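Computation of the quantities below employed the complete heavy-atom set of this structure, encompassing side-chain atoms and omitting hydrogens, waters and symmetry-equivalent molecules. Chain A is the first sequence line, chain B the second, and so forth, proteins listed ahead of strands; every chain is numbered from 1. Since the structure is predicted, the reported quantities are computational estimates derived from the model, not experimental observations.
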There are 2 protein chains.
Amino acid sequence: MGATKTDHFTDKQNAIAILLKALAHPARVAIIEHLLKVKSCICGDIVKELPLAQPTVSQHLRELKNAGIIKGNIEGNAVCYCIDEKTIDKLQFYFANILIESSNNNQCC
Amino acid sequence: MGATKTDHFTDKQNAIAILLKALAHPARVAIIEHLLKVKSCICGDIVKELPLAQPTVSQHLRELKNAGIIKGNIEGNAVCYCIDEKTIDKLQFYFANILIESSNNNQCC
DNA sequence: TTTTTATATTGCAATATTACGATGAAAGGT
DNA sequence: ACCTTTCATCGTAATATTGCAATATAAAAA
(Lines give C-alpha, C1' and ligand atoms only; values in the text may rest on other atoms or scores of the structure.)
Protein backbone atom coordinates (compact mmCIF):
# COMPACT_ATOMS: atom_id res chain seq x y z
CA MET A 1 0.00 0.00 0.00
CA GLY A 2 1.03 3.60 -0.42
CA ALA A 3 0.70 3.52 -4.19
CA THR A 4 -2.38 5.00 -5.80
CA LYS A 5 -4.72 2.28 -7.09
CA THR A 6 -4.79 3.69 -10.61
CA ASP A 7 -6.19 0.51 -12.19
CA HIS A 8 -9.48 0.86 -10.37
CA PHE A 9 -10.38 4.22 -11.84
CA THR A 10 -11.31 5.27 -15.36
CA ASP A 11 -8.74 6.61 -17.82
CA LYS A 12 -10.41 10.00 -17.74
CA GLN A 13 -10.29 10.18 -13.97
CA ASN A 14 -6.62 9.25 -13.99
CA ALA A 15 -5.87 11.73 -16.76
CA ILE A 16 -7.44 14.63 -14.88
CA ALA A 17 -5.70 13.61 -11.67
CA ILE A 18 -2.33 13.54 -13.46
CA LEU A 19 -2.89 17.01 -14.93
CA LEU A 20 -3.92 18.46 -11.59
CA LYS A 21 -1.07 16.75 -9.78
CA ALA A 22 1.38 18.40 -12.17
CA LEU A 23 0.10 21.80 -11.01
CA ALA A 24 -0.39 20.85 -7.38
CA HIS A 25 2.83 22.40 -6.16
CA PRO A 26 3.49 26.09 -5.48
CA ALA A 27 6.78 26.02 -7.41
CA ARG A 28 5.00 24.73 -10.49
CA VAL A 29 2.20 27.27 -10.07
CA ALA A 30 4.92 29.93 -9.81
CA ILE A 31 6.52 28.67 -13.01
CA ILE A 32 3.24 29.00 -14.90
CA GLU A 33 2.63 32.46 -13.48
CA HIS A 34 6.12 33.55 -14.44
CA LEU A 35 5.52 32.27 -17.97
CA LEU A 36 2.43 34.47 -18.12
CA LYS A 37 4.18 37.48 -16.60
CA VAL A 38 7.09 37.58 -19.02
CA LYS A 39 4.63 37.27 -21.92
CA SER A 40 6.93 34.98 -23.82
CA CYS A 41 8.71 31.71 -23.49
CA ILE A 42 11.22 31.36 -20.74
CA CYS A 43 14.74 30.34 -21.48
CA GLY A 44 16.55 29.63 -18.29
CA ASP A 45 15.71 32.68 -16.24
CA ILE A 46 13.29 30.64 -14.15
CA VAL A 47 16.05 29.38 -11.92
CA LYS A 48 16.87 32.95 -10.91
CA GLU A 49 13.20 33.69 -10.22
CA LEU A 50 12.50 30.71 -8.00
CA PRO A 51 13.84 30.11 -4.49
CA LEU A 52 15.00 26.64 -5.45
CA ALA A 53 18.20 25.07 -6.70
CA GLN A 54 18.70 24.49 -10.41
CA PRO A 55 18.20 20.69 -10.33
CA THR A 56 14.94 21.14 -8.43
CA VAL A 57 13.61 23.63 -10.96
CA SER A 58 14.66 21.36 -13.79
CA GLN A 59 12.74 18.52 -12.17
CA HIS A 60 9.60 20.65 -11.79
CA LEU A 61 9.87 21.72 -15.43
CA ARG A 62 10.12 18.10 -16.50
CA GLU A 63 6.97 17.22 -14.55
CA LEU A 64 5.05 20.08 -16.14
CA LYS A 65 6.29 18.99 -19.56
CA ASN A 66 5.49 15.31 -19.02
CA ALA A 67 1.95 16.23 -18.06
CA GLY A 68 1.63 18.37 -21.19
CA ILE A 69 1.11 21.63 -19.32
CA ILE A 70 4.13 23.25 -20.91
CA LYS A 71 6.02 22.66 -24.13
CA GLY A 72 9.78 22.85 -24.47
CA ASN A 73 12.00 23.61 -27.46
CA ILE A 74 15.75 23.30 -27.48
CA GLU A 75 17.06 26.62 -28.73
CA GLY A 76 20.78 26.21 -29.21
CA ASN A 77 22.32 26.33 -25.82
CA ALA A 78 19.17 27.16 -23.89
CA VAL A 79 15.72 25.59 -23.68
CA CYS A 80 12.58 27.52 -24.38
CA TYR A 81 9.44 26.69 -22.40
CA CYS A 82 5.92 27.93 -22.83
CA ILE A 83 2.38 27.09 -21.78
CA ASP A 84 0.42 24.53 -23.80
CA GLU A 85 -2.92 26.28 -24.05
CA LYS A 86 -4.71 23.13 -25.19
CA THR A 87 -4.08 21.50 -21.83
CA ILE A 88 -5.12 24.53 -19.81
CA ASP A 89 -8.25 24.66 -21.93
CA LYS A 90 -9.04 21.05 -20.96
CA LEU A 91 -8.79 21.98 -17.30
CA GLN A 92 -10.87 25.12 -17.69
CA PHE A 93 -13.50 23.09 -19.52
CA TYR A 94 -13.46 20.41 -16.85
CA PHE A 95 -14.24 22.86 -14.06
CA ALA A 96 -16.73 24.85 -16.12
CA ASN A 97 -18.56 21.57 -16.71
CA ILE A 98 -18.64 20.74 -13.02
CA LEU A 99 -20.25 24.11 -12.38
CA ILE A 100 -22.90 23.53 -15.06
CA GLU A 101 -23.77 20.07 -13.81
CA SER A 102 -23.63 21.17 -10.23
CA SER A 103 -26.13 24.00 -10.72
CA ASN A 104 -28.77 21.44 -11.73
CA ASN A 105 -28.49 19.66 -8.42
CA ASN A 106 -30.72 20.16 -5.45
CA GLN A 107 -28.17 21.24 -2.89
CA CYS A 108 -28.79 20.20 0.68
CA CYS A 109 -25.78 21.58 2.51
CA MET B 1 14.41 18.19 2.11
CA GLY B 2 11.33 16.29 1.05
CA ALA B 3 8.98 18.93 2.40
CA THR B 4 7.60 21.56 0.07
CA LYS B 5 9.21 24.97 0.67
CA THR B 6 5.87 26.67 1.19
CA ASP B 7 7.36 29.75 2.85
CA HIS B 8 9.11 30.81 -0.31
CA PHE B 9 6.00 31.16 -2.40
CA THR B 10 3.10 33.61 -2.25
CA ASP B 11 -0.09 32.85 -0.34
CA LYS B 12 -2.03 32.76 -3.60
CA GLN B 13 0.37 30.28 -5.16
CA ASN B 14 0.14 28.06 -2.11
CA ALA B 15 -3.64 28.34 -2.00
CA ILE B 16 -4.03 27.26 -5.62
CA ALA B 17 -1.57 24.42 -5.13
CA ILE B 18 -3.52 23.18 -2.08
CA LEU B 19 -6.81 23.24 -4.00
CA LEU B 20 -5.33 21.38 -6.95
CA LYS B 21 -3.58 18.88 -4.71
CA ALA B 22 -6.92 18.05 -3.11
CA LEU B 23 -8.22 17.02 -6.53
CA ALA B 24 -5.00 15.46 -7.76
CA HIS B 25 -6.03 11.90 -7.05
CA PRO B 26 -8.31 9.69 -9.15
CA ALA B 27 -10.32 8.62 -6.11
CA ARG B 28 -11.08 12.23 -5.26
CA VAL B 29 -11.91 13.00 -8.88
CA ALA B 30 -14.24 9.98 -8.79
CA ILE B 31 -15.90 11.27 -5.62
CA ILE B 32 -16.63 14.64 -7.26
CA GLU B 33 -17.97 12.94 -10.38
CA HIS B 34 -20.20 10.70 -8.29
CA LEU B 35 -21.51 13.75 -6.46
CA LEU B 36 -22.45 15.22 -9.84
CA LYS B 37 -23.97 11.99 -11.13
CA VAL B 38 -26.35 11.38 -8.26
CA LYS B 39 -27.52 15.00 -8.52
CA SER B 40 -27.73 15.32 -4.77
CA CYS B 41 -25.61 15.05 -1.70
CA ILE B 42 -24.15 11.71 -0.89
CA CYS B 43 -24.76 10.12 2.43
CA GLY B 44 -22.45 7.17 2.75
CA ASP B 45 -22.98 5.40 -0.53
CA ILE B 46 -19.60 6.52 -1.79
CA VAL B 47 -17.83 3.67 -0.09
CA LYS B 48 -19.88 1.19 -2.14
CA GLU B 49 -19.09 3.07 -5.35
CA LEU B 50 -15.34 3.29 -4.90
CA PRO B 51 -12.87 0.39 -5.05
CA LEU B 52 -11.35 1.43 -1.73
CA ALA B 53 -11.84 0.54 1.90
CA GLN B 54 -14.03 2.70 4.10
CA PRO B 55 -11.20 4.35 6.08
CA THR B 56 -9.48 5.28 2.82
CA VAL B 57 -12.62 6.87 1.42
CA SER B 58 -13.17 8.70 4.68
CA GLN B 59 -9.64 10.06 4.48
CA HIS B 60 -10.15 11.26 0.90
CA LEU B 61 -13.42 12.93 1.89
CA ARG B 62 -11.66 14.72 4.72
CA GLU B 63 -9.00 16.04 2.35
CA LEU B 64 -11.63 17.33 -0.06
CA LYS B 65 -13.45 18.95 2.86
CA ASN B 66 -10.31 20.49 4.36
CA ALA B 67 -9.50 22.06 1.01
CA GLY B 68 -13.04 23.43 0.76
CA ILE B 69 -13.96 21.48 -2.35
CA ILE B 70 -16.88 19.76 -0.66
CA LYS B 71 -19.08 20.63 2.29
CA GLY B 72 -20.31 18.11 4.84
CA ASN B 73 -23.36 18.07 7.09
CA ILE B 74 -24.05 15.55 9.82
CA GLU B 75 -27.53 14.19 9.17
CA GLY B 76 -28.43 12.00 12.10
CA ASN B 77 -26.51 8.82 11.69
CA ALA B 78 -25.14 9.56 8.24
CA VAL B 79 -23.10 12.41 6.80
CA CYS B 80 -24.18 14.40 3.79
CA TYR B 81 -21.53 15.71 1.40
CA CYS B 82 -21.87 18.00 -1.56
CA ILE B 83 -19.73 20.14 -3.85
CA ASP B 84 -18.84 23.66 -2.78
CA GLU B 85 -19.45 25.54 -6.00
CA LYS B 86 -17.59 28.63 -4.81
CA THR B 87 -14.33 26.70 -4.75
CA ILE B 88 -14.84 25.10 -8.15
CA ASP B 89 -15.62 28.56 -9.47
CA LYS B 90 -12.27 29.81 -8.18
CA LEU B 91 -10.51 27.04 -10.07
CA GLN B 92 -12.49 27.61 -13.24
CA PHE B 93 -11.67 31.31 -13.02
CA TYR B 94 -8.00 30.61 -12.43
CA PHE B 95 -7.67 28.54 -15.61
CA ALA B 96 -9.86 30.85 -17.66
CA ASN B 97 -7.54 33.68 -16.63
CA ILE B 98 -4.46 31.76 -17.67
CA LEU B 99 -6.01 31.29 -21.10
CA ILE B 100 -6.79 35.00 -21.42
CA GLU B 101 -3.32 36.08 -20.37
CA SER B 102 -1.72 33.38 -22.44
CA SER B 103 -3.44 34.44 -25.65
CA ASN B 104 -1.71 37.83 -25.45
CA ASN B 105 1.69 36.20 -25.54
CA ASN B 106 3.84 35.75 -28.59
CA GLN B 107 4.21 32.02 -28.55
CA CYS B 108 7.48 30.62 -29.81
CA CYS B 109 7.02 26.88 -29.39
C1' DT C 1 40.73 23.26 -27.97
C1' DT C 2 39.56 24.93 -23.66
C1' DT C 3 36.29 27.29 -21.04
C1' DT C 4 32.02 28.91 -20.03
C1' DT C 5 27.03 28.77 -19.98
C1' DA C 6 22.64 26.32 -19.75
C1' DT C 7 20.19 22.47 -18.62
C1' DA C 8 19.55 17.43 -17.43
C1' DT C 9 20.42 13.29 -14.73
C1' DT C 10 21.81 10.58 -10.75
C1' DG C 11 21.72 9.36 -6.03
C1' DC C 12 20.08 10.01 -1.77
C1' DA C 13 18.03 11.89 2.60
C1' DA C 14 13.86 13.99 4.49
C1' DT C 15 9.17 14.17 4.30
C1' DA C 16 4.43 13.33 2.48
C1' DT C 17 0.84 10.43 0.66
C1' DT C 18 -1.85 6.31 0.13
C1' DA C 19 -4.19 2.44 1.82
C1' DC C 20 -6.15 -0.43 5.25
C1' DG C 21 -6.97 -3.24 9.65
C1' DA C 22 -8.31 -2.29 14.10
C1' DT C 23 -10.73 0.44 16.94
C1' DG C 24 -13.69 4.29 18.52
C1' DA C 25 -17.81 7.25 18.67
C1' DA C 26 -22.44 8.32 17.95
C1' DA C 27 -27.11 7.74 16.40
C1' DG C 28 -31.02 4.36 15.28
C1' DG C 29 -33.37 0.28 15.65
C1' DT C 30 -34.92 -3.95 18.40
C1' DA D 1 -29.69 -2.34 27.45
C1' DC D 2 -27.86 -4.38 23.18
C1' DC D 3 -26.93 -4.67 18.55
C1' DT D 4 -26.36 -2.50 14.07
C1' DT D 5 -25.23 0.98 10.94
C1' DT D 6 -22.40 4.87 9.61
C1' DC D 7 -18.57 7.33 9.70
C1' DA D 8 -14.04 9.01 11.89
C1' DT D 9 -9.51 8.23 13.87
C1' DC D 10 -5.20 5.73 15.00
C1' DG D 11 -1.32 3.22 13.81
C1' DT D 12 1.54 1.63 10.44
C1' DA D 13 3.54 -0.37 6.12
C1' DA D 14 4.37 0.62 1.29
C1' DT D 15 5.27 3.97 -1.91
C1' DA D 16 5.79 8.72 -3.86
C1' DT D 17 7.46 13.39 -3.74
C1' DT D 18 10.64 17.08 -2.76
C1' DG D 19 15.06 19.12 -2.73
C1' DC D 20 19.82 19.36 -3.51
C1' DA D 21 24.93 18.23 -4.14
C1' DA D 22 27.52 16.10 -7.43
C1' DT D 23 28.03 15.03 -11.92
C1' DA D 24 26.96 14.70 -16.88
C1' DT D 25 25.87 16.65 -21.36
C1' DA D 26 25.87 19.72 -25.00
C1' DA D 27 26.17 23.95 -27.38
C1' DA D 28 28.38 28.61 -27.56
C1' DA D 29 32.25 31.59 -26.70
C1' DA D 30 36.97 32.56 -26.19
Student: Could you pull out the closest heavy-atom pair between B:Pro26 and A:Thr4, with the gap in Å?
Tutor: CG-CG2, 3.7 Å
Student: Give one of base, sugar-phosphate or nothing for B:Leu52, where a contact means two heavy atoms less than 4.0 Å apart.
Tutor: sugar-phosphate
Student: For the side chain of A:Ala53, starting at C-beta, report the closest nucleotide among D:dC20, D:dA8, C:dA19.
Tutor: D:dC20
Student: Out of D:dT18, C:dC20, C:dT7, which nucleotide sits closest to the side chain of A:Lys5?
Tutor: C:dC20
Student: What is the distance, to the nearest angstrom, from the CD1 atom on B:Ile74 to the C1' atom on D:dT9?
Tutor: 14 Å
Student: Could you check B:His60 against B:Thr4 and say which one's nearest nucleotide on DNA chain C is further toward the 5' end?
Tutor: B:Thr4
Student: Find the distance A:Lys65:NZ to C:dT9:P and express it as a whole number of Å.
Tutor: 9 Å
Student: Expressed as a whole number of angstroms, how long is the span from B:Asp7:CG to D:dT18:C1'?
Tutor: 14 Å
Student: Could you state the CG-P distance from A:Leu64 to D:dT18, rounded to the nearest angstrom?
Tutor: 11 Å
Student: Look at A:Tyr81 and C:dA6 and indicate whether a side-chain polar atom (N or O) is within less than 4.0 Å of OP1 or OP2.
Tutor: no
Student: Does D:dA8 have OP1 or OP2 under 4.0 Å away from a side-chain N or O of B:Ser58?
Tutor: yes
Student: Return the 5'-most residue of the pair B:Glu63, A:Lys48 with respect to DNA chain C, ranking by each residue's nearest nucleotide.
Tutor: A:Lys48
Student: Would you kindly give the CD-to-P distance between A:Gln59 and C:dT9, to the nearest whole Å?
Tutor: 10 Å
Student: Closest approach to the side chain of A:Ala3, judged atom by atom: which nucleotide of D:dA16, C:dT5, C:dC20 is it?
Tutor: D:dA16
Student: How close do A:Thr87 and A:Gly68 get, counting heavy atoms only, and between which atoms?
Tutor: OG1-O, 2.6 Å
Student: Quick one: is B:Arg62 getting a side-chain N or O under 4.0 Å of the D:dC7 phosphate, OP1 or OP2?
Tutor: no
Student: Could you tell me how far apart A:Asp45 (CG) and C:dT5 (P) are, to the nearest whole angstrom?
Tutor: 16 Å
Student: From D:dT9, D:dC20, C:dT9, pick the nucleotide closest to the side chain of B:Pro55?
Tutor: D:dT9
Student: Could you identify which residues of residues 10-26 of chain B place a heavy atom less than 4.0 Å from some atom of DNA chain C, listed by residue number, or say none?
Tutor: B:Lys21, B:His25
Student: Check this for me: does the side-chain of A:Gln54 come within 3.5 Å of the base of C:dA8 through a donor and an acceptor?
Tutor: yes
Student: Find the distance B:Asn77:CG to C:dA27:C1' and express it as a whole number of Å.
Tutor: 5 Å
Student: Walk me through it: do A:Tyr94 and B:Leu23 pass the test side chain to side chain contact (heavy atoms under 4.5 Å, CB included)?
Tutor: CA-CA 12 Å; A:Tyr94 184 75; B:Leu23 278 170; 6.0 Å; no
Student: When you look at A:Thr56 and A:His60, which way does the side chain to side chain contact (heavy atoms under 4.5 Å, CB included) test go after all the steps?
Tutor: CA-CA 6 Å; A:Thr56 310; A:His60 283 306; 3.9 Å; yes
Student: What is the distance, rounded to the nearest whole Å, between atom CG of B:Leu50 and atom C1' of C:dC20?
Tutor: 15 Å
Student: In this structure, would B:Ile18 and A:Leu19 fall into the same cluster of hydrophobic residues linked by side-chain contacts under 4.5 Å?
Tutor: no
Student: Which atoms form the tightest heavy-atom contact between B:Ala27 and B:Leu50, and what is the distance?
Tutor: O-CD1, 4.1 Å
Student: Could you walk me through whether A:Lys86 and A:Lys90 satisfy the side chain to side chain contact (heavy atoms under 4.5 Å, CB included) test, starting with their C-alpha distance in whole Å, then the side-chain angles of each, then the deciding distance to 0.1 Å, before giving a yes or no?
Tutor: CA-CA 6 Å; A:Lys86 275 201 309 294; A:Lys90 270 187 207 164; 5.9 Å; no
Student: Using the side chain to side chain contact (heavy atoms under 4.5 Å, CB included) rule, take B:Phe9 and A:Val29 through it: C-alpha gap first, then chi angles, then the decisive distance, then the call.
Tutor: CA-CA 9 Å; B:Phe9 301 98; A:Val29 170; over 6 Å; no
